[in-house]
Enquirer: 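One structure is given below, represented as structure tokens, and several questions about it will come after.
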Amino acid sequence: MTQNDVLPSDADPAWWKAPLGATVPALPLLVWEFVIGAEEALGLLGGAVYWAVGLLALAWALPHRRSARMLRVTAACAGLFCAILPLLFLVWMAMVWSSA
């Protein structure tokens, strides 16, 4: 074992939990939204799909230090919210149209 195999003292051993917890439910939604073309059909809300991809990628790419933990959690949660937002809008529109 070399000295390079040892984690630095400020490394976060559970750095992967927040990005994984947000990516697992968001990835199927993002694939579905890209397949149906939600980013074009929803106009302004369609940009949330691109924001979701960017924020989830940022959550994975941030440094694995404890000092970046809250930024990583915030990016992961915001990415998950942006992935769910177009679906919530579609459900809301379906409810509005069915009640009329």
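By convention here, the first residue in the shown sequence is residue 1. Since the structure is predicted, the reported quantities are computational estimates derived from the model, not experimental observations.
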Enquirer: Would a 4.5 Å heavy-atom cut-off, applied to side chains only, mark Asp10 and Arg66 as touching?
Expert: no
Enquirer: Once salt bridge (Lys or Arg N to Asp or Glu O under 4.0 Å) is applied, what residue pairs with a partner in residues 18-28 remain, sequence neighbours excluded?
Expert: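 Pairs touching residues 18-28 that pass the test: none.
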Enquirer: So, for Arg72 and Arg65, which heavy atoms are closest and what is the spacing to 0.1 Å?
Expert: NH2-O, 3.4 Å
Enquirer: Enumerate, atom names and distances included, each donor-acceptor pair closer than 3.5 Å involving a side-chain atom of residues 13-26, sequence neighbours excluded.
Expert:
residue	atom	partner	partner atom	Å
Thr23	OG1	Pro19	O	2.6
Thr23	OG1	Trp60	NE1	3.0

Enquirer: Among all residues two or more places apart in sequence or in another chain, which pass the salt bridge (charged side-chain N to carboxylate O under 4.0 Å, His left out) test with Arg69?
Expert: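 Once residues adjacent in sequence are excluded, the partners of Arg69 under the salt bridge (charged side-chain N to carboxylate O under 4.0 Å, His left out) criterion are Asp12.
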Enquirer: Under 3.5 Å, which donor-acceptor pairs do the side chains of residues 76-88 form with other protein atoms, sequence neighbours left out?
Expert:
none

Enquirer: Can you list every pair that meets side-chain hydrogen bond (donor to acceptor under 3.5 Å, both in side chains) and has a residue in residues 81-94, with sequence neighbours left out?
Expert: none
Enquirer: For residues 51-58, run the donor-acceptor check on the side chains, cut-off 3.5 Å, and write out each pair with its distance to 0.1 Å, sequence neighbours left out.
Expert:
none

